[in-house]
Peer 1: 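Starting off with a structure, shown below.
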Amino acid sequence: MEDTRDLAERTPRSERKRRDSFGMFDGYDSCSDESTSSSSSEDSEDEVVPSIPVSLPIIKNNGQVYTYPDGKAGMATCEMCGMVGVRDAFYSKTKRFCSVSCSRSYSSNSKKASILARLQGKPPTKKAKVLQKQPLMAKLAAYAQYQASQQNQAKSKAVVPTESFDWGQYICSNNTAGAPVSCFKHAPMGTCWGDVAEGVRIEVINSDTSLPTKVYWIAEIIKLAGFKALLRYEGFDSDSSKDFWRNLCVPEVHPVGWCASSGKPLVPPKSIQHKYSNWKVFLVKRLTGAKTLPPDFNAKVHENMQFPFKKLMRVEVVDKNYLCRTRVALVEQVIGGRLRLVYEESQDGSDDFWCHMYSPLIHSIGWSRSIGHRFKRSDITRKIEGKMDAPAPLFQKVKDVDQSGDWFRDGMKLEAIDPLNLSAICVATVRKVLADGYLMIGIDGSEAVDGSDWFCYHGTSPSIFPAGFCEINDIELTPPRGYTKLPFKWFDYLRETGSIAAPVKLFNKDVPNHGFRQGMKLEAVDLMEPRLVCVATVTRIVHRLLRIHFDGWEDEYDQWVDCESPDLYPVGWCQLTGYQLQPPASQSNRDMSQSVPKQKKKAQQYKGQKKKRKIPVGRRPFGQTGARRSSFSGDEEQSPPPYPIQGPARPRPRTHLHQTHKSESLLRMKEEAAEVDEFTFSQGTSDQESNGSGSYYIKQEP
């Protein structure tokens, strides 16, 4: 008993403490020469613990750390705490106790161990010293056989999919930047990304180690690209040889201090393990005043990955075959806020449509009737258990407008993004004014007589523009098909058609400080094949309008989208949500895709009207469809019945503008110009292209 008490008194408090405030094992101090001195012959006369290779398995239980020399030894059970482990790792020759502390506890309770030691003439004092002669390796061997077996079981149950496209290498090789997550308010963490910036420190898995279990180390964010971050382990300073990319929203990324609170080991990379003699002092100095992630960062990520739409919810969505009408569809799948909708009449579930839950193309049940929009009634009578109408509050709200005063009227001319050829802004006409600020728009020169190819935009939509927008902002305007008086001049066209331009004051002039810049990389939906999310680049910014280029494809496949479009996502969004990302098309794939029968190109009869993206062979996970201007899908069906002449529940009187005298038309045009001769944007700072005066007035002599 005296020898046991003497051992307790001689053992320094610092050696009994297992972890420090960083979650590091205190054995890291043993990297210094003083603490790694060899054992004396007196200390090792009874039972010498061999030098422990770092590649050996590990055991941990109840905060105690052990190692064993090989995987062939038998198992033993501690008579004090009941821990099961490799026999050779247990204390004393009898292998009855797993540690010195268990031996002490047993001795103080029953005195049996002390009596036996005295009878044998071998007190445990010297052995205890020997067990503490390898503090670095013994304490680095933090996670034991239990954790190793758990990892092996997890690997056998499920294989974590790896990302097929390497965003990090792509960004570094092209010396580009990714759009910040804060640019995408609809994306997970889009509204709470402000704390993440270059220079922030985090705790991540240490891959530069030979230990067979997970250990962690602190890394600094060197560069950000969406959800992805280029990281460098602390201690490498300016050495970038071990830099690596990591998605910051994956579960294995934590704020500094997580290891200490979770009982996880912090282990320096083996490449620099002997660079500092005292890693704790190094970390204290390096981390003082540094920033890290919020403590609830992982909880926020989890919360942001919850979406209100559930399977079998019913919605009204645009008919992909005829944009002029809507149909009822059921939510079949939700991935990262994107919905796979299956039209209710589909028998086998193959008639589907992809869009984001904030898309302007989906609405609550009853929306079409409430505004006077054409609607295809479902003939399905079968009942599906669990089917329910999606609650109205789940859908994106539009801005309230006053239609009682100056508002759009039937026949007014404007410029609009063609929803079936998003690379083109076309001459368009308001064909019908619906309720709640919605308009039916038709592309001049390519409209069906029955109005089956009209499409619905809200009056505040950023996809419609006043006449002259393209000219002022140096954007090519697609003239009406068959119009021969080129170059196109709005003044002449209005005079020839006896029409008036929609007043400039009716259009959306708000420009948020969106943060996009030319050349930024992102992941974008190919809206002509909305099941595909592709690697893309912002190539031009005009106020709030973005020109999106799909990397590896020709410019003719570019698309104009709004800066707040829910079809744009940060770099790493597909990896985070599990959605398949389409990598840039290679030249060989483009050549292969162009081997598709060329007769389809004959449908391209006027400038800007192109067929849909051709998906290379081997890169068509969702299938490929043809192209036809009357639909998203390209399916050819009989035209729906003509658009009803009667207006919506709250109709506005139709204005017959085509009968107007030319001089009267010209007079109206001048009067509108006199009222509002400037289209002034309330721009944010530094994010928009310089576009001259910003005037929308058509400055042309009659």
Peer 1: Apply side-chain contact (heavy atoms from CB on, under 4.5 Å) to P360 and list each qualifying residue two or more places apart in sequence or on a separate chain.
Peer 2: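 With sequence neighbours excluded, P360 shows a side-chain contact (heavy atoms from CB on, under 4.5 Å) to no residue whatsoever.
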Peer 1: Flag the pair R327 and E316 as a salt bridge only when some basic side-chain nitrogen lies within less than 4.0 angstrom of an acidic carboxylate oxygen.
Peer 2: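 Salt bridge absent between R327 and E316.
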Peer 1: Step through it carefully: locate the ring centre of F408, locate the ring centre of Y438, and say whether they are under 6.0 Å apart.
Peer 2: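 Not close enough - the centres of the two rings lie 6.0 Å or further apart.
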Peer 1: Can you tell me how far the CG atom of L248 sits from the CE atom of M189, to the nearest 0.5 Å?
Peer 2: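 Those atoms lie 9.5 Å apart.
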Peer 1: So, R544 and D562, do they make that salt bridge, N to O below 4.0 Å?
Peer 2: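 The answer is yes: the pair qualifies as a salt bridge.
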Peer 1: Run the side chain to side chain donor-acceptor pair (under 3.5 Å) check on D558 and S423 step by step: do they pass?
Peer 2: CA-CA 5 Å; D558 291 1; S423 66; over 6 Å; no
Peer 1: Any side-chain heavy atom of R338 within less than 4.5 Å of one from V533?
Peer 2: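 Of all side-chain heavy-atom pairs linking V533 with R338, at least one is under 4.5 Å.
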Peer 1: We want to know whether D551 and T537 form a side-chain donor-acceptor pair, criterion being a heavy-atom distance below 3.5 angstrom.
Peer 2: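 Checked: D551/T537 side chains pair up, N/O donor to acceptor below 3.5 Å.
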Peer 1: Quick check against the 3.5 Å criterion: does D450 have a side-chain atom that pairs as donor or acceptor with the backbone of S452?
Peer 2: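 Yes: the side chain of D450 pairs with the backbone of S452.
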Peer 1: Determine the interplanar angle of the F516 and H514 rings, folded into 0 to 90°, and report it as parallel if under 30°, tilted if 30 to 60°, perpendicular if over 60°.
Peer 2: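 Rings of F516 and H514: tilted, 30 to 60°.
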Peer 1: I need the minimum non-hydrogen distance between C534 and L581, along with the two atoms involved.
Peer 2: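 Taking every non-hydrogen atom into account, C-CD1, 3.9 Å.
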Peer 1: Is it true that E564 and K185 make a salt bridge, defined as a side-chain N closer than 4.0 Å to a carboxylate O?
Peer 2: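 So E564 does not pair with K185 through a salt bridge.
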Peer 1: Does K397 use its side chain to pair, donor to acceptor, with the backbone of F395 at less than 3.5 Å?
Peer 2: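 Between the backbone of F395 and the side chain of K397 there is a qualifying donor-acceptor contact (under 3.5 Å).
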Peer 1: Could you tell me which residues satisfy ring pair (Phe, Tyr, Trp, His ring centres under 6.0 Å) with F244, sequence neighbours excluded, listed by chain and number?
Peer 2: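 F244 satisfies ring pair (Phe, Tyr, Trp, His ring centres under 6.0 Å) with Y233 only.
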Peer 1: In terms of ring plane angle, is the pair F184 and H186 parallel, tilted or perpendicular, where the classes change at 30° and 60°?
Peer 2: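 Plane angle over 60°, so perpendicular.
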Peer 1: For the residue pair V253 and N247, what are the closest heavy atoms and their distance?
Peer 2: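 V253 and N247 have their closest heavy atoms at CG2-O, 3.7 Å.
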Peer 1: Can you measure from NZ (K432) to CE (M440) and round to the nearest 0.5 angstrom?
Peer 2: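 Between K432 NZ and M440 CE, I get 9.5 Å after rounding to 0.5 Å.
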Peer 1: Nearest 0.5 Å please: distance from the CE atom of M357 over to the CG atom of L341.
Peer 2: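 Reported value, rounded in 0.5 Å steps: 12.5 Å.
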Peer 1: Students often mix this up, so state it plainly: with edges at 30° and 60°, are the rings of Y557 and W553 parallel, tilted or perpendicular?
Peer 2: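 Y557 vs W553 ring planes: perpendicular.
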Peer 1: So which atom in A187 and which in P570 form the shortest heavy-atom distance, rounded to 0.1 Å?
Peer 2: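 A187 and P570 have their closest heavy atoms at CB-CD, 3.9 Å.
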Peer 1: Taking the side chain from N508 and the backbone from T460, do they hold a donor-acceptor pair closer than 3.5 Å?
Peer 2: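 Yes, N508 side chain to T460 backbone: donor-acceptor pair under 3.5 Å.
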Peer 1: For the side chain of Q403 and the backbone of L434, is there at least one donor-acceptor N/O pair under 3.5 Å apart?
Peer 2: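 Yes, the answer is positive, given that a donor and an acceptor are paired below the 3.5 Å cut-off.
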Peer 1: On the 0 to 90° scale, with breaks at 30° and 60°, tag the F297-W193 ring pair as parallel, tilted or perpendicular.
Peer 2: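 Aromatic pair F297/W193 classed tilted.
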Peer 1: Under a 3.5 Å distance rule, please check whether T539 uses its side chain to pair with a backbone N or O of R547 as donor and acceptor.
Peer 2: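 Yes, because the side chain of T539 sits within donor-acceptor range (under 3.5 Å) of the backbone of R547.
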Peer 1: Between D195 and K291, does at least one N-O distance fall below 4.0 Å, as a salt bridge requires?
Peer 2: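 Looking at D195 and K291, the cut-off is not met.
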Peer 1: Looking at D444 and A428, what are the two nearest heavy atoms and their distance?
Peer 2: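 Heavy atoms of D444 and A428 come nearest at OD1-C, 3.5 Å.
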Peer 1: Would you give the length of the straight line joining atom CD1 of I443 to atom CD of E415, rounded to the nearest 0.5 angstrom?
Peer 2: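 Rounded to the nearest 0.5 Å, the CD1-CD separation comes to 10.5 Å.
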Peer 1: Could you measure the distance from the CG atom of L414 to the CG atom of L506? Nearest 0.5 Å is fine.
Peer 2: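 Here the interatomic distance stands at 10.0 Å.
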Peer 1: Could you walk me through whether H356 and D567 satisfy the side chain to side chain donor-acceptor pair (under 3.5 Å) test, starting with their C-alpha distance in whole Å, then the side-chain angles of each, then the deciding distance to 0.1 Å, before giving a yes or no?
Peer 2: CA-CA 7 Å; H356 194 271; D567 296 305; over 6 Å; no
Peer 1: Are the side chain of H302 and the backbone of Q306 linked by a donor-acceptor contact shorter than 3.5 Å?
Peer 2: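 Checked: no pair found.
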Peer 1: If the plane angle is over 60° it's perpendicular, under 30° parallel, otherwise tilted; pick one for H373 and W367.
Peer 2: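 If you compare the ring of H373 with that of W367, the planes turn out tilted.
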Peer 1: Walk me through it: do E523 and W167 pass the test side chain to side chain donor-acceptor pair (under 3.5 Å)?
Peer 2: CA-CA 10 Å; E523 298 175 3; W167 260 118; 2.8 Å; yes
Peer 1: Locate the shortest heavy-atom distance separating I171 from A225; write the atom from each residue and the value.
Peer 2: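 For I171 and A225, the tightest heavy-atom pair comes out as CD1-CB, 3.3 Å.
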Peer 1: Please check if the number of heavy atoms outside F307 that lie under 6.0 Å from its CZ is greater than 12.
Peer 2: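 More than 12 heavy atoms, drawn from other residues, nucleotides or ligands, come within 6.0 Å of this atom.
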Peer 1: Fit a plane to each ring of F455 and Y457, take the angle between them on a 0 to 90° scale, and name the class: parallel (under 30°), tilted (30 to 60°) or perpendicular (over 60°).
Peer 2: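 Plane angle over 60°, so perpendicular.
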Peer 1: Between Y343 (side chain) and K320 (backbone), is there a donor-acceptor pair under 3.5 Å?
Peer 2: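 Pair found, side chain donor or acceptor close to backbone of K320.
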Peer 1: Salt bridge check: are K376 and D319 linked by an N-O gap of less than 4.0 Å?
Peer 2: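 Salt bridge flag = no for D319 with K376.
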Peer 1: Strictly below 4.0 Å, N to O, side chains only: are R531 and D352 in salt-bridge contact?
Peer 2: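 Yes.
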Peer 1: Distance from R431 atom CZ to D410 atom CG, nearest 0.5 Å?
Peer 2: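 Rounded to the nearest 0.5 Å, the CZ-CG separation comes out at 9.0 Å.
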